[in-house]
2 protein chains.
Amino acid sequence: MRSSDDRTTAARIRDAAITEFAARGVAGTSIRTIAATAGVSPGLVIHHFGSKEDLRVACDEHVAGIIRDVKGGAMASGGGFDVTAAFRAVGEIPAAKYLARTLVDGSPHVAELVDEIVRDAVGYVATGVETGMIKPTEHEWGRAAILTIWSLGALVLHEHLERLIGVDITADFSQDPTATTAYMAPALEIFSQGVFTETTVQLMREAFVSQRSAQEKESV
Amino acid sequence: MRSSDDRTTAARIRDAAITEFAARGVAGTSIRTIAATAGVSPGLVIHHFGSKEDLRVACDEHVAGIIRDVKGGAMASGGGFDVTAAFRAVGEIPAAKYLARTLVDGSPHVAELVDEIVRDAVGYVATGVETGMIKPTEHEWGRAAILTIWSLGALVLHEHLERLIGVDITADFSQDPTATTAYMAPALEIFSQGVFTETTVQLMREAFVSQRSAQEKESV
DNA sequence: CAATACATTAAACGATCGTTCAAGATCGAC
DNA sequence: GTCGATCTTGAACGATCGTTTAATGTATTG
């Protein structure tokens with residue numbers, strides 16, 4: 001039975017930490033809990049990683065590595081800026097949940113990683129525009145950033161999304177057509193035809209301009 | 001000087017707790033920290049709220065109350081399903097940040113609250129469709145849910161959004177036209193014209209159908 | 001086989017945690 | 001002005017936290 005888990009003890013501890021940190025946050029997880037999940041003593045956790053903070057950094061770096069692998073591998077065949085799709089494709093569910101938590105908890109490396117994902121999205125979108133798949137825009141960076149944030153935001157709020165539409169985007173639902181429809185269909189619709197009518201766009205543009213000129217008056 | 005703060009001591013403790021919980025999470029915040037922020041002794045916190053968990057519930061309910069007020073007041077004049085706009089309009093920044101944290105930490109009341117926001121969004125969108133402001137859809141619930149999740153997701157990831165495009169959506173930037181442009185312009189663009197071209201939509205639809213029929217074959 | 005390095009554990013340490021408690025301080029009611 | 005109720009504090013309690021330490025087990029190596 002042991003042959004079914006060929007990971008190092010240190011790797012098992014690290015993976016247990018990733019799971020626990022993802023579920024309860026770093027502050028909400030004790031070393032004793034991680035040790036219990038990994039089936040070792042608390043002292044061994046410290047022996048292998050030095051301290052809780054160092055263990056957290058090790059988790060950070062490991063998940064960051066997975067993300068970079070996933071991006072390199074499944075990017076071209078997938079949805080581009082939809083990071084969550086890449087995770088599902090590779091089956092790295094704990095890493096996805098860890099990222100979701102860490103995006104809010106904050107960590108030494110996650111900000112850097114998000115910037116990286118957005119830069120990739122900019123490149124992906126630019127290619128899409130060149131090949132006529134994606135509409136051009138004045139706000140290249142802003143649009144890529146917002147699309148990425150929305151995608152990551154859905155990942156972070158996966159529990160709510162699951163409750164709302166019955167789809168866990170941190171799980172592999174590629175075999176479940178119902179789930180695919182519930183999540184992908186409305187998103188695809190928004191991304192293709194938008195939600196506002198021409199009338200609304202015109203109204204908002206006018207309101208925006210008038211607000212702006214009013215502020216210019218104020219500031220004089 | 002004391003006249004500048006007419007809140008009850010209990011209210012000051014509660015507000016301090018909301019701020020600290022929002023910044024560091026519930027597990028990452030000690031009662032002693034809250035007491036220090038409120039300028040009282042740790043014992044007094046317990047005396048007024050019974051326990052840390054009860055204090056958390058009190059924060060939950062207070063913020064939920066603020067959100068319901070905000071929804072009722074600024075909904076009609078604002079962006080509809082953009083919850084964050086409502087917070088800025090009323091100036092309840094700590095409540096917004098508390099909600100952002102609690103959406104991920106989980107709490108006894110937040111799920112209920114999210115469902116409520118989505119139901120409101122469905123109603124708002126339906127009205128918009130009737131008056132010709134919003135495009136109709138097959139997926140009423142799904143679209144409203146996803147739009148709400150995106151909006152809340154941006155709130156949750158406000159720190160990353162600020163770093164990426166220089167706009168803190170938990171702050172009142174109504175006086176800052178640059179910030180308004182950076183965030184609102186791309187979002188409005190996506191919501192009006194979409195991001196995918198007709199070619200892409202057609203391709204995705206075909207891919208979706210073929211995937212589906214392949215799965216139907218499989219399941220036979 | 002002896003020696004050495006590494007893996008691992010149980011026990012304990014000091015710090016901090018949420019909470020309790022006893023004792024003042026403050027206040028309104030009679 | 002006295003009394004009871006409420007507000008507030010400082011000290012302390014037991015539990016749990018991250019971490020250390022000493023000891024034992026288990027390989028590896030010459």
Participant: Does any residue of residues 12-41 of chain B have a heavy atom under 4.0 Å from DNA chain D, and if so, which ones, in number order?
Facilitator: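 Those residues are B:R32, B:V40, B:S41.
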Participant: Output all residues satisfying side chain to side chain contact (heavy atoms under 4.5 Å, CB included) with B:D115, sequence neighbours left out; order by chain, then residue number.
Facilitator: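 So B:D115 forms a side chain to side chain contact (heavy atoms under 4.5 Å, CB included) with A:R163, A:L164, B:R119.
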Participant: For a 4.0 angstrom threshold against heavy atoms of chain B, report the outermost contacting nucleotides of DNA chain D in 5' to 3' order.
Facilitator: D:dC7 to D:dA12
Participant: Figure out the CG/P separation between B:L44 and C:dT19, and round it to whole Å.
Facilitator: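 Rounding to the nearest Å, CG of B:L44 and P of C:dT19 are 14 Å apart.
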Participant: Produce the list of close N/O pairs, under 3.5 Å, pairing protein atoms with atoms of nucleotides 20-28 of chain C; give distances to one decimal.
Facilitator:
none

Participant: Check the orientation of A:W150 and B:W150. Use parallel for under 30°, tilted for 30 to 60°, and perpendicular for over 60°.
Facilitator: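 A:W150 vs B:W150 ring planes: parallel.
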Participant: Is the backbone of B:A11 close enough, under 3.5 Å, to the side chain of B:T8 for a donor and an acceptor to pair up by distance?
Facilitator: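 Side chain of B:T8 to backbone of B:A11: no pair is present.
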Participant: Hey, are A:E116 and A:R68 close enough for a salt bridge, meaning a charged N less than 4.0 Å from a carboxylate O?
Facilitator: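 Salt bridge: yes.
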Participant: Quick one: ring-ring contact (aromatic ring centres under 6.0 Å, His included) pairs with a partner in residues 47-71 of chain A, sequence neighbours left out?
Facilitator: none
Participant: Going by the salt bridge (Lys or Arg N to Asp or Glu O under 4.0 Å) test, which pairs reach into residues 39-53 of chain A, not counting sequence neighbours?
Facilitator: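 Checked against salt bridge (Lys or Arg N to Asp or Glu O under 4.0 Å) - neighbours excluded - the pairs reaching residues 39-53 of chain A are A:E53-A:R56.
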Participant: Quick one: does B:D105's side chain get under 4.5 Å of B:R101's, heavy atoms only?
Facilitator: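 Yes, their side chains come closer than 4.5 Å.
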Participant: Could you state the NZ-P distance from B:K52 to C:dG18, rounded to the nearest angstrom?
Facilitator: 4 Å
Participant: Report yes or no: does A:R14 contribute a side-chain atom to a donor-acceptor pair with the main-chain N or O of A:C59 at less than 3.5 Å?
Facilitator: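 No, the answer is negative, given that no donor and acceptor are paired below the 3.5 Å cut-off.
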Participant: A quick test of your reading: do over 12 heavy atoms of other residues, nucleotides or ligands sit less than 6.0 Å from CD of A:E162?
Facilitator: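 More than 12 within 6.0 Å, yes.
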Participant: Strictly distance-based, threshold 3.5 Å: is any side-chain N or O of B:T37 a donor or acceptor partner for the main-chain N or O of B:T33?
Facilitator: yes
